[in-house]
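Since this is a predicted model, take the numbers as computed values, not measurements.
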Amino acid sequence: MGSLLSPPRHRQRPRNHQQTRRLGALLVCAGLALSACSAAPDTDRGADHAASAPEDGAATTAAPAVERLQARVVERLDYDESLFTQGLEVGKDGNLLVGTGRYGESGVHRLVPGETSPQKSTALADDQFGEGITRSGDTLWQLTWKSGTALSFDADTLETTGSAEYSGEGWGLCDMGDRLALSDGTSTLRFVDRDNFDELDRVTVTLDGEEIDEINELECVDGQIYANVWFSTDILRIDPATGTVDAVIDASGLANNAAPNPDNVLNGIAHIPGTDEYYLTGKRWPDLYRVTFE
């Protein structure tokens, strides 16, 4: 590992506390059926309701309720607490593929679940800050934060095989089967070509009509996108066709046993193929949790 050439990303971007409060308020509102969550004054409520009331008994269509789920721990496993985890995948052999960040420390790794040192690692150049990963067939892709470059590796050997370019920042990545979903730290999800990262489409992530930014690590499962929000213990399930959040998963019950550091937050979602279970971990966490969403 080389020396740091720049401060870590998460210290260069101070947490947007207004956004945190707004997200928290939205999550509370999503679980309630009452309109009292609105911050609007009540003075004209009667007039508003009268104006919007259906005529002749016509039915109204309510927005679908946001499902509220909990991450229930099935098993706790040891994990390599030196890994600044940015992306987490399950390889076709059942082992973990991990993408890590920080200048001079970034790379991709293969790790047996429950073991605390990688079987295989490939380092990035010292001037590249690694971000999210996804396995697309026999290829493992890793984003970089500000380099505008996605690096490809052989998913079995972790040997470097190529690269592709994209605009803006890279945060999270997952494979939807016909395209890749890419997050850049904003409320936007971009959909790009699996081979050359040409942009195909994009959507804005919203919860109860409000944009949610700082979308980070991604995992594509059964046509839906699971995303963690930077510095939050909530995981969002997103409809990729609309960007609408249709479920919020509370992962606050997972113990964060990492060394005290504001960077050491929940980050890493990997679906376990053939099951309804997931692996969850965080940056420099000593723990890997096998969970269900219930």
Side-chain angles (χ1 to χ4, degrees), residues 8-20 22-24 26-27 71 83-89 97-102 106 108 129-134 141-148 150 166 168-176 180-192 202-207 210-221 224-238 240 243 245 247-252 254 256 258 261-271 278-285 288-289 291 293:
R9 181 190 78 193
H10 298 118
R11 291 192 177 180
Q12 292 176 322
R13 284 189 60 152
R15 179 60 175 163
N16 184 334
H17 293 290
Q18 182 177 4
Q19 168 66 16
T20 304
R22 183 161 61 88
L23 175 59
L26 286 171
L27 297 180
L83 299 179
F84 194 82
T85 301
Q86 301 281 64
L88 192 68
E89 287 279 314
L97 296 170
V98 184
T100 57
R102 293 176 61 87
S106 296
V108 290
F129 192 117
E131 287 282 348
I133 63 170
T134 194
W141 284 104
Q142 182 176 31
L143 299 177
T144 53
W145 175 32
K146 286 188 170 182
S147 302
Y166 56 89
E169 295 185 4
W171 285 43
L173 191 67
C174 68
D175 185 8
M176 299 189 64
L180 303 179
L182 184 154
S183 66
D184 57 12
T186 69
S187 60
T188 297
L189 284 180
R190 286 183 273 166
F191 302 102
V192 300
R202 59 174 58 196
V203 296
T204 300
V205 177
T206 61
L207 175 60
E210 295 286 338
E211 293 187 19
I212 303 298
D213 64 7
E214 296 181 335
I215 302 299
N216 199 1
E217 153 78 331
L218 304 179
E219 180 76 350
C220 295
V221 184
Q224 296 175 306
I225 298 174
Y226 291 80
N228 100 289
V229 180
W230 183 33
F231 275 106
S232 171
T233 56
D234 286 310
I235 295 169
L236 309 181
R237 191 179 70 199
I238 303 165
V245 174
V248 176
I249 301 143
D250 179 6
S252 62
L254 277 62
N256 181 346
N261 187 307
D263 287 342
N264 294 349
V265 294
L266 178 75
N267 199 55
I269 311 166
H271 177 244
Y278 297 76
Y279 289 124
L280 299 180
T281 190
K283 304 175 190 294
R284 304 193 193 96
W285 281 23
L288 175 73
Y289 295 98
V291 305
F293 299 152

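- Taking each heavy atom of Ala251 and Leu266 in turn, the nearest pair found is CB-CD2, 4.0 Å.
- Across all non-hydrogen atoms, the minimal contact from Val221 to His271 is CG2-CB, 3.6 Å.
- When only modelled atom types and interatomic distance are considered, Trp285 and Asn264 share no side-chain donor-acceptor pair under 3.5 Å.
- Under the side chain to side chain contact (heavy atoms under 4.5 Å, CB included) criterion, Ala150 pairs with Trp141, Leu143, Tyr166, Phe197, not counting sequence neighbours.
- A search for side-chain hydrogen bond (donor to acceptor under 3.5 Å, both in side chains) contacts involving Thr85 returns Tyr79, not counting sequence neighbours.
- Taking the side-chain hydrogen bond (donor to acceptor under 3.5 Å, both in side chains) definition, one finds that Thr204 meets it with nothing, sequence neighbours left out.
- Residues forming a ring pair (Phe, Tyr, Trp, His ring centres under 6.0 Å) with Tyr226 (at least two apart in sequence, or on another chain): Tyr278, Phe293.
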Apply side chain to side chain donor-acceptor pair (under 3.5 Å) to the pair Glu169 and Trp145, showing each step before the final yes or no. CA-CA 5 Å; Glu169 295 185 4; Trp145 175 32; 3.1 Å; yes
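- Under the side-chain hydrogen bond (donor to acceptor under 3.5 Å, both in side chains) rule, Gln86 has a single partner from Arg102, Gln142, Lys283, Glu217, which is Lys283.
- At distances below 3.5 Å, at least one donor-acceptor pair connects side-chain atoms of Thr134 with backbone N or O atoms of Asp175.
- Taking both residues in full, the closest heavy atoms of Ser252 and Thr233 are given as CB-OG1, 3.6 Å, listed atom of the first, atom of the second, then distance.
- The nearest pair of heavy atoms linking Thr144 to Glu131 is C-CG, 4.0 Å.
- In this structure, the side-chain hydrogen bond (donor to acceptor under 3.5 Å, both in side chains) partners of Ser187, at least two apart in sequence or on a different chain, are Glu211.
- In this structure, CD1 in Ile269 is found 7.5 Å from CG in Leu218, a value given to the nearest 0.5 Å.
- In this structure, the salt bridge (Lys or Arg N to Asp or Glu O under 4.0 Å) partners of Arg190, at least two apart in sequence or on a different chain, are Asp184.
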